[in-house]
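All values below come from the heavy atoms of this structure, side chains included, with hydrogens, waters and symmetry mates left out.
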Amino acid sequence: MQPDIKWLDDPQVFRVGQLPAHSDHKIYGSVEEMERRESSLYQSLNGMWQFAWSVNPKSRPADFYREDYNMEGFGEIKVPCHIEIAGYDKIHYINTMYPWEGQVYRRPAYALGEDRKEEGSFSEAAYNPVGSYRRTFDLEEGLKGRRVCICFEGVEQAAYVWLNGQFVGYAEDTFTPSEFDLTPYIREKGNVLAVEVYKNSTAAYLEDQDFFRFSGIFRNVTLYAKPKLHVEDLWVKPVLSEDLKKGYVNVQVKLSAEGAEDLQAQTAPEPLQLAGAVKITLQDQDGQVIGEKTVAAASMVQAVFDEIEDPVLWENRNPYLYRLTVVLEDEQGEVTEAVPCEAGFRRIELRDKVIFFNGKRLIINGVNRHEWNAENGRCITMQDMEWDIECFKRNHINSVRTCHYPDQIAWYDLCDQNGIYVMSETNLESHGSWQKVFTEPSWNVPGSLPQWKEAVVDRARSNFETFKNHPSILFWSLGNESFVGDDIAAMQRLFKEKDDTRLVHYEGVIYDRAYEDVVSDVESRMYAKPEDIAAYLENKPKKPFILCEYMHDMGNSLGGMKSYIDLLDRFEMYQGGYIWDYIDQALYVTDPVTGKKVLRYGGDFDDRASDYEFSGNGIVFADRTEKPAIQEVRYYYGLYE
């Protein structure tokens with residue numbers, strides 16, 4: 001397989017050589033490692049990499065992946081980090097338009113007809129910066145002699161990967177993990193890893209979120225080893241009876257075995273038997289064993305823990321988590337791998353056009369949250385996330401919409417542990433297309449274009465498969481401000497076919513009611529006036545109402561919140577909403593006059609076109625200082641905690 005730079009121009013090519021998306025479970029080499037939470041099966045590749053920046057594909061060092069390439073002229077860059085934060089390229093904030101508008105003519109591929117492939121849009125662009133990353137590494141002891149894979153948790157926006165001069169694969173979806181099997185090319189010492197990152201590809205049409213436009217490897221890069229018997233995927237599905245008095249846990253474990261990797265893609269009607277055994281244990285929070293099952297290893301293993309009497313329910317005020325462990329043993333009874341997973345019993349359902357959670361009407365005291373750090377942009381730390389959780393709790397915020405992309409995996413763990421209800425958004429926003437649709441329908445991307453369908457369905461699939469085990473997720477969201485069409489409906493079908501324990505959300509359907517019954521379980525709107533919400537709920541409403549964005553907190557705002565909160569008592573079908581938004585997007589710079597570090601917003605970096613201070617809508621400043629407006633949030637959300 002040879003890489004092709006023309007993939008940048010083709011929406012039908014978005015993953016090449018990638019492993020299928022799977023659950024975000026952690027793996028350990030033994031039960032003792034699992035208990036210590038120290039795994040010998042991982043090796044971080046974070047740190048300093050060799051790096052060269054090029055303004056466009058034509059000027060890039062195209063052969064830098066070769067082992068014998070002369071690296072003279074390359075500098076260094078930290079991984080993870082945005083290329084722009086590291087001092088290369090320009091910092092640019094823009095909201096509703098594509099970043100090239102007003103400078104370069106572009107139309108989405110196939111939007112003007114099947115013969116309009118728009119080849120060269122990105123692969124031959126005069127401005128499409130390329131980051132050429134390279135580093136060498138030796139395998140650590142725990143990875144030697146095993147199948148070795150690599151996980152890129154976040155690369156913006158299109159990436160080609162080589163190992164030891166051999167092409168490994170290609171990835172586009174910026175905010176979900178991209179994984180590749182390195183086993184055919186890996187060696188114990190002197191490995192040369194090369195990653196070529198392009199700022200723009202056809203994925204840019206699907207990632208036009210309201211944020212600073214960065215590029216590069218901005219989340220963790222990690223090697224992991226698969227033992228000879230390995231958990232490829234895990235789905236732990238707790239189910240509650242209607243009266244909430246009994247619980248059931250359905251467990252599905254997908255295995256692979258050394259020397260039988262093709263089982264991962266096998267489509268045999270019956271699971272294929274493997275040598276070894278699978279021990280599955282369910283415990284409560286105190287370590288009391290509720291159930292144990294041992295079954296023979298197979299490519300797919302299923303187990304059911306049934307009729308658990310009076311399970312403790314997971315909810316905001318009491319995020320009670322049960323612990324399930326999967327331990328794999330080989331034919332000699334030796335442990336090859338141990339996998340933990342936390343599970344919570346909760347029930348979300350639509351009943352009489354009202355959303356009920358654990359038998360009670362759900363009230364959302366929510367915020368939209370971009371990942372943000374004033375020093376490092378969307379490259380955030382665990383300390384940032386922990387601070388955000390504490391801010392949520394002290395201000396009675398019980399729900400978060402991951403606007404408008406999947407977050408770091410650790411964020412979902414924190415929401416599980418702290419009872420934060422998650423609307424898990426798929427990485428999709430085509431705002432620069434959406435705002436033109438009303439005057440020029442051909443701009444509807446992805447719309448109903450068949451050439452774009454698989455790209456967006458794959459993004460939905462990655463969202464689901466990665467995060468499916470998190471009890472905190474109550475809603476799958478199809479994305480944001482991307483109008484509507486057959487491709488969006490196909491995303492909804494995927495979630496419905498995969499998961500009957502959660503609801504599906506999408507706001508854009510309000511612009512084309514023909515899709516009303518096949519896209520979203522809720523009536524979702526942005527910035528609707530209180531009287532407009534009342535008018536909907538008083539006029540034979542079909543669905544419960546959620547404000548996916550409201551109270552736009554820009555400047556000295558958030559007044560009038562009472563008028564929305566009052567609706568909660570008037571209408572049972574009004575379920576609350578998500579404030580836009582949680583944190584300002586602003587970056588620290590050193591002021592040239594005072595020499596002090598100050599926060600700078602959009603437009604302060606000579607970035608044109610820009611939406612300027614529109615990057616500052618948060619109830620907390622970019623440095624995580626609470627704004628006065630958060631007092632309003634604390635008071636009114638506290639009324640319906």
In sequence, state the C-alpha distance, the side-chain angles, and the governing distance for Asn398 and Tyr640, and then conclude on side chain to side chain donor-acceptor pair (under 3.5 Å). CA-CA 10 Å; Asn398 69 5; Tyr640 292 90; over 6 Å; no
In plain terms, say whether Lys468 and Asp233 are close enough for a salt bridge, that is, a side-chain N and a carboxylate O under 4.0 Å apart. yes
Pair Lys226 + Glu337, salt bridge at N-O below 4.0 Å: no
Does the side chain of Leu321 reach to within under 4.5 Å of the side chain of Pro471, using non-hydrogen atoms? yes
Does Asn463 form a side chain to side chain donor-acceptor pair (under 3.5 Å) with Thr426? I'd like the steps, not just the answer. CA-CA 6 Å; Asn463 188 12; Thr426 301; 3.1 Å; yes
So that I can tick it off, tell me whether Glu626 and Arg394 are bridged by a salt bridge, with the cut-off set at under 4.0 angstrom between side-chain N and carboxylate O. yes
Quick one, Ile308 and Phe345 - any side-chain contact, counting heavy atoms below 4.5 Å? yes
Apply the salt bridge (charged side-chain N to carboxylate O under 4.0 Å, His left out) test between Asp521 and each candidate in Arg502, Lys542, Lys496; give the one that qualifies. Lys496
Residues Arg15, Asp458: salt bridge by 4.0 Å N-O rule: yes
Shortest non-hydrogen contact from Arg361 to Val354? CG-CG1, 4.1 Å
Are Glu315 and Arg317 within salt-bridge range, i.e. N to O under 4.0 Å? no
Should Lys529 and Tyr550 count as side-chain neighbours, where that means a heavy-atom distance under 4.5 Å? no
Run the salt-bridge test on Arg37 and Glu35 with the 4.0 Å N-O cut-off and return the result as yes or no. no
Please indicate whether Lys543 has more than 12 foreign heavy atoms, meaning atoms of other residues, nucleotides or ligands, lying under 6.0 Å from its NZ. yes
What I'd like to find out is whether the side chain of Leu478 reaches to under 4.5 Å of the side chain of Phe495, using heavy atoms alone. yes
Charged N to carboxylate O below 4.0 Å: is that the case for Lys498 and Glu465? yes
Between Arg634 and Glu632, does any NZ, NE, NH1 or NH2 come within less than 4.0 Å of an OD or OE carboxylate oxygen? no
Can you confirm whether or not the ring centre of Phe545 sits under 6.0 Å from the ring centre of Tyr536? yes
Aromatic ring proximity, centroids under 6.0 angstrom, His404 and Trp580: yes
Compare all side-chain heavy atoms of Glu179 with those of Gln18 and state whether any distance is below 4.5 angstrom. no
Begin with the C-alpha distance, continue with both residues' side-chain angles, and end with the deciding distance and a verdict on side chain to side chain donor-acceptor pair (under 3.5 Å) for Asn368 and Arg401. CA-CA 5 Å; Asn368 288 272; Arg401 180 182 180 215; 3.0 Å; yes
Is it the case that more than 12 heavy atoms not belonging to Asp243 sit under 6.0 Å from its CG atom? yes
Test item: Tyr405 and Asp407 side chains (from C-beta on) under 4.5 Å apart, heavy atoms: yes
Check this for me: does any side-chain nitrogen of one of Arg624 and Asp388 sit under 4.0 Å from a carboxylate oxygen of the other? yes
Heavy-atom count check: over 12 atoms from other residues, nucleotides or ligands less than 6.0 Å from Lys293 NZ? yes
If you apply the rule side chain to side chain donor-acceptor pair (under 3.5 Å), what do you find for His470 with Asp416, and how did you get there? CA-CA 6 Å; His470 291 276; Asp416 292 343; 2.6 Å; yes
Can any side-chain N or O of Gln283 pair as donor or acceptor with the backbone N or O of Tyr322 at less than 3.5 Å? no
Are the side chains of Arg369 and Phe392 in contact, using a 4.5 Å heavy-atom criterion? yes
Could you go step by step and tell me if Asp566 and Lys562 meet the salt bridge (charged side-chain N to carboxylate O under 4.0 Å, His left out) rule? CA-CA 6 Å; Asp566 286 348; Lys562 181 179 185 298; 2.8 Å; yes
Ring center gap for Phe357 and Tyr421 short of 6.0 angstrom: yes
Before accepting this row, confirm whether a basic side-chain N of the pair Arg323/Glu342 lies closer than 4.0 Å to the acidic partner's carboxylate O. no
Please confirm whether the backbone N or O of Val445 pairs with a side-chain atom of Ser430, one donor and one acceptor, at under 3.5 Å? yes
Begin with the C-alpha distance, continue with both residues' side-chain angles, and end with the deciding distance and a verdict on salt bridge (charged side-chain N to carboxylate O under 4.0 Å, His left out) for Arg459 and Glu425. CA-CA 10 Å; Arg459 288 166 181 249; Glu425 195 130 281; over 6 Å; no
Could you please spell out the steps behind the salt bridge (charged side-chain N to carboxylate O under 4.0 Å, His left out) verdict for Glu242 and Arg351? CA-CA 12 Å; Glu242 288 190 16; Arg351 196 165 68 235; over 6 Å; no
Given the rule in the salt bridge (charged side-chain N to carboxylate O under 4.0 Å, His left out) test, do Asp499 and Lys237 qualify, once you have shown the distances and angles that lead to the verdict? CA-CA 10 Å; Asp499 189 4; Lys237 190 175 176 182; 5.2 Å; no
Do Asp210 and Asn617 have side chains that get closer than 4.5 Å, going by heavy atoms? yes
Assess the pair Trp434 and Tyr511: is the distance between their ring centroids shorter than 6.0 Å? yes
